[in-house]
Amino acid sequence: MDCLKKSSLFSLPIFLLYFSIILSFNNGVNASHKVFPGLQSTSTVDVKNVHRTGYHFQPPQNWINDPNAPMYYNGVYHLFYQYNPYGSVWGNIVWAHSVSTDLINWIPLEPGIYPSEVFDKYGTWSGSATILPNNKPIILYTGIVDAKNTQVQNYAIPADISDPFLRKWIKPDNNPLIVADVSINKTQFRDPTTCWLGQDGYWRTLIGSVWGKQGLAILYKSKNLMKWTKIQHPLHSVDGTGNWECPDFFPVLLHGTNGLDASYNKKNIKHVLKVSLDVTRFEYYTVGQYDTKKDRYIPDKTSIDGWKGLRLDYGNYYASKSFYDPSKNRRIMWGWANESDTVNDDVKKGWAGIQTIPRKLWLDPSGKQLVQWPVEELETLREQKVQLSNRKLNKGDKIEVKGITPAQADVEVTFSFTSLDKAETFDPNWDNLYAQDVCAIKGSMVQGGLGPFGLLTLASQNLEEYTPVFFRVFKAQDKYKVLMCSDASRSTLKNDKTMYKPSFAGYVDVDLTNKTLSLRSLIDHSVVESFGAGGKTCITSRVYPTLAIYDNAHLFVFNNGTETIKIKSLNAWTMGKPKMNWSFGHSSY
């Protein structure tokens, strides 16, 4: 992925003014590959730990972004990711490489891919891994060949297939494999997907691009993975969506939670096309049908194809990449959560970016959307546990959850209510708004009928700071609408107008017949990952409290609606730290 815009070397004061201007775009999240020449090799001697995560994947210091080419190979999980060895802003990017046997405890290795050849001298950007039928992996990735940002697609293979960690990767001399023709914007041509093998014996891959304002998933095919031919038409395109980054295309079963290899194409499946939209900085997807004869993807009529469509995550989550895990027959998604503070803050603290907890994903029984849930291995980090049940919350009530470490916790709660009668009327004018705009209007402290109710995470004792994650139920013309919010607007007392503190939100497509709603939140110092209704709606927030840190953080369950809410069950755990031996790895190249 990339959002590269060339800029000259400028002083820090001018830079901060510039940053405050662009903060109003891209949902306040700075583009992952924005160039700051004066800062990209500025290292920090004293790394600030106050907001560092405890159980998310995060190197000791410096900048990280996109997860690249995750795969499971011969009993080992591999995670490559974009990494700056020399600073905490984007630049000097290499493919950092870590391995694990459980997706939780990681061993860092030396960089797997880095700029070294004429076909990637100016950059080694995102890509994907494919496990071939002969059980050999291959990586396709985007290389930058010149200062004009010309992008080509290259490949790399292990130097020693017998090495269980695949430490060394080589880039053969027949690179690049794919070069943009005159019909393609060669500066917006990147992020090849995992390849899939068609019934005609040809391999296929997608590359994200844009023509004018039309987002494109350009389709290529090859008999041997070495000589590629562009299909005359894209697999799919949508006008007005802008550049498509980090495309992902994979099959899902109509029934059950098992995953499928990218090449699987039999009965009782649908396909998912996911793209990262450069303009909005969100992850969108549709569910549909893949016409293998015409090599076209057709979204279902129930999938909105554009900016108001389904998102993998309605918060700070971008550049995701999925892979099939044959060891547990599942599909796993990795995603990147950038910082929401300022670049100046990142330079001072010496680090920027985390990888979110890997998620298992599958098709909801309705066939309309995906469901996501943290991988089961995460539960091995659970330590002290507290439970609540059958506790009533009247309007204005809040109950503190004690006995765990609220700054580093895993919380699962199921709420119940006796009636839907007090649900507020949904304003028809809100149909023209995004969910997060409605959340900004109807925040956690705005009293309602059925809701708001949920969790106050990373809260100070007297609620000077808190990040609420909550539901609010509305009554529309012929149905109920459930709004889920993760609101960072009160998350910190830090008075910095350039800090991004949005009210992230999404609607939850859930049956309220049983009058229950469930919520799970993974709280980790500066990140709150939340999963509504069993993972139908997911929201990730990055926050930077000044009071609610370490042992001074608190966790409350609250209700601010007139309908009494019952905590049917609540289970909360202190989360331990995974084993990560950062004493080696991340060497310079």
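- Note on Asp66 versus Lys321: no salt bridge recorded, every NZ/NE/NH1/NH2 to OD/OE distance being 4.0 Å or above.
- Trp573 is linked by a ring pair (Phe, Tyr, Trp, His ring centres under 6.0 Å) to nothing, counting only residues two or more places apart in sequence or in another chain.
- No donor-acceptor pair under 3.5 Å is formed between the side chain of Thr194 and the backbone N or O of Ser128.
- Counting only N and O atoms by type, the side chains of Tyr122 and Asn149 include no donor and acceptor under 3.5 Å apart.
- For the residue pair Ser327 / Tyr77, a side-chain donor-acceptor distance below 3.5 Å is found, with atom types taken as modelled.
- Of the possible polar contacts, none joining the Asp291 side chain to the Arg296 backbone as a donor-acceptor pair under 3.5 Å is found.
- Distance alone, capped at 3.5 Å, places no donor-acceptor pair between the Trp351 side chain and the Asn49 backbone.
- Within the structure, salt bridge (charged side-chain N to carboxylate O under 4.0 Å, His left out) contacts touching residues 154-164 (residues at least two apart or in different chains) are Asp163-Arg167.
- Panel note: side chain Asn154, backbone Phe119; a donor-acceptor pair is recorded below 3.5 Å.
- Side-chain atoms of Thr405 never come within 3.5 Å of backbone atoms of Ala407 as a donor-acceptor pair (strictly under, hydrogens ignored).
- In this structure, Ser222 contributes its side chain and Lys227 its backbone to a donor-acceptor pair below 3.5 Å.
- Residues Gln82 and Ser126 are in side-chain contact: their nearest non-hydrogen atoms beyond the backbone lie under 4.5 Å apart.
- Minimum interatomic distance between Pro137 and Pro158 (heavy atoms only, all atoms of both residues): O-CD, 3.4 Å.
- For Ala69, the side-chain contact (heavy atoms from CB on, under 4.5 Å) criterion is met by Phe80, Trp95, Ala129, Ile139, not counting sequence neighbours.
- Taking the side chain as every heavy atom from C-beta outward, Thr380 and Asp102 never approach each other to under 4.5 Å.
- Between Thr205 and Trp196, the shortest heavy-atom distance links the atoms CA-CZ3, 4.1 Å.
- Among the candidates His236, Gln188, Arg190, the single residue satisfying the side-chain contact (heavy atoms from CB on, under 4.5 Å) test with Trp244 is His236.
- Looking at Trp203 and Ser263, their side chains come closer than 4.5 Å, going by heavy atoms from C-beta outward.
- Environment of CG in Asn224: crowded, with over 12 heavy atoms of neighbouring residues, nucleotides or ligands closer than 6.0 Å.
- A salt bridge between Arg330 and Asp325 is present, with a side-chain N of the basic residue lying under 4.0 Å from a carboxylate O of the acidic one.
- Contacts of Tyr264 classified as side-chain contact (heavy atoms from CB on, under 4.5 Å), with partners at least two apart in sequence or in another chain: Pro251, Leu260, Lys266, Ile269.
- Put simply, the side chain of Tyr114 does not reach to within 4.5 Å of the side chain of Asn92, judged on heavy atoms.
- A cation-pi contact links Lys223 to Tyr202, judged by a cut-off of 6.0 Å to the six-membered ring centre and 45° from its axis.
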Take Tyr220 and Leu177, measure what side-chain contact (heavy atoms from CB on, under 4.5 Å) needs, and give me the verdict at the end. CA-CA 11 Å; Tyr220 286 82; Leu177 294 182; over 6 Å; no
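- For Tyr81 and Trp334, the distance between ring centers is not under 6.0 angstrom.
- Here the side chain of Asp524 pairs a donor or acceptor atom with the backbone of Gly54 at under 3.5 angstrom.
- Using modelled atom types and a 3.5 Å distance limit, the side chains of Tyr83 and Asn62 yield a donor-acceptor pair.
- Counting heavy atoms from C-beta outward, His271 and Asn265 have side chains that approach closer than 4.5 Å.
- For residues 114-132, the salt bridge (charged side-chain N to carboxylate O under 4.0 Å, His left out) pairs, not counting sequence neighbours, are Asp120-Lys171.
- A heavy-atom distance below 4.5 Å is not found between the side chains of Asp341 and His51.
- Residues Lys221 and Asp295 are not paired through a salt bridge, judged by the lack of any N-O separation under 4.0 Å between the basic side chain and the carboxylate.
- Applying the side-chain hydrogen bond (donor to acceptor under 3.5 Å, both in side chains) rule to Gln355 yields no partners; only residues at least two apart in sequence or on another chain are considered.
- Note on Arg359 versus Asp313: salt bridge recorded, some NZ/NE/NH1/NH2 to OD/OE distance being below 4.0 Å.
- A salt bridge links Arg520 and Asp410; the closest N-O separation between the charged side-chain nitrogens and carboxylate oxygens is under 4.0 Å.
- Residues Glu377 and Lys360 are not paired through a salt bridge, judged by the lack of any N-O separation under 4.0 Å between the basic side chain and the carboxylate.
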Report the C-alpha distance between Tyr318 and Glu245 in whole Å, list the side-chain angles of each, state the deciding distance to 0.1 Å, and finish with yes or no for side-chain hydrogen bond (donor to acceptor under 3.5 Å, both in side chains). CA-CA 10 Å; Tyr318 197 69; Glu245 299 186 303; 2.6 Å; yes
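- Under the ring pair (Phe, Tyr, Trp, His ring centres under 6.0 Å) criterion, His78 pairs with His97, not counting sequence neighbours.
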Dump the intermediate steps for side-chain contact (heavy atoms from CB on, under 4.5 Å) on Asn338 and Asn316, then the final yes or no. CA-CA 7 Å; Asn338 196 6; Asn316 193 335; 4.1 Å; yes
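- Ile93 approaches Trp90 most closely through the heavy-atom pair CG1-NE1, 3.1 Å.
- Judged as a side-chain hydrogen bond (donor to acceptor under 3.5 Å, both in side chains), and not counting sequence neighbours, the contacts of Asn135 are Asn74.
- A donor and an acceptor atom, one from each side chain of Glu529 and Ser521, are nowhere located under 3.5 Å apart.
- Heavy atoms only, all atoms of each residue included: Ile184 and Lys230 are closest at CD1-CD, 3.7 Å.
- Applying the side-chain contact (heavy atoms from CB on, under 4.5 Å) test to Asn258 and every residue at least two apart in sequence or in another chain returns Leu253, Asn329.
- Remark: side-chain polar atoms of Ser209 are not paired, donor with acceptor, to backbone N or O of Phe189 under 3.5 angstrom.
- For the pair Leu312 and Leu370, the minimum side-chain heavy-atom distance is below 4.5 Å.
- Residues satisfying the side-chain contact (heavy atoms from CB on, under 4.5 Å) test with Leu254, not counting sequence neighbours, are Asn268, Lys270, Leu363.
- Counting heavy atoms of neighbouring residues, nucleotides and ligands inside a 6.0 Å radius, atom NZ of Lys148 does not exceed 12 of them.
- When all heavy atoms are compared, the tightest approach of Ala319 to Glu283 is N-OE2, 3.1 Å.
- Checked against side-chain hydrogen bond (donor to acceptor under 3.5 Å, both in side chains), Ser541 has the following partners two or more places apart in sequence or in another chain: Ser486.
- Listed for the Thr356 side chain is a donor-acceptor partner under 3.5 Å among the backbone atoms of Gly335.
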side-chain contact (heavy atoms from CB on, under 4.5 Å) between Gln369 and Val287, intermediate numbers included: CA-CA 7 Å; Gln369 67 165 97; Val287 179; 5.6 Å; no
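- Take Trp373 and apply the ring pair (Phe, Tyr, Trp, His ring centres under 6.0 Å) test, not counting sequence neighbours, and it matches Phe531.
- Judged purely by atom type and a 3.5 angstrom limit, Tyr73 has no side-chain atom pairing as donor or acceptor with the backbone of Ile131.
- The environment of Lys186 atom NZ is sparse: at most 12 non-hydrogen atoms of other residues, nucleotides or ligands sit within 6.0 angstrom.
- No side-chain heavy atom of Phe250 sits less than 4.5 Å from a side-chain heavy atom of Tyr324.
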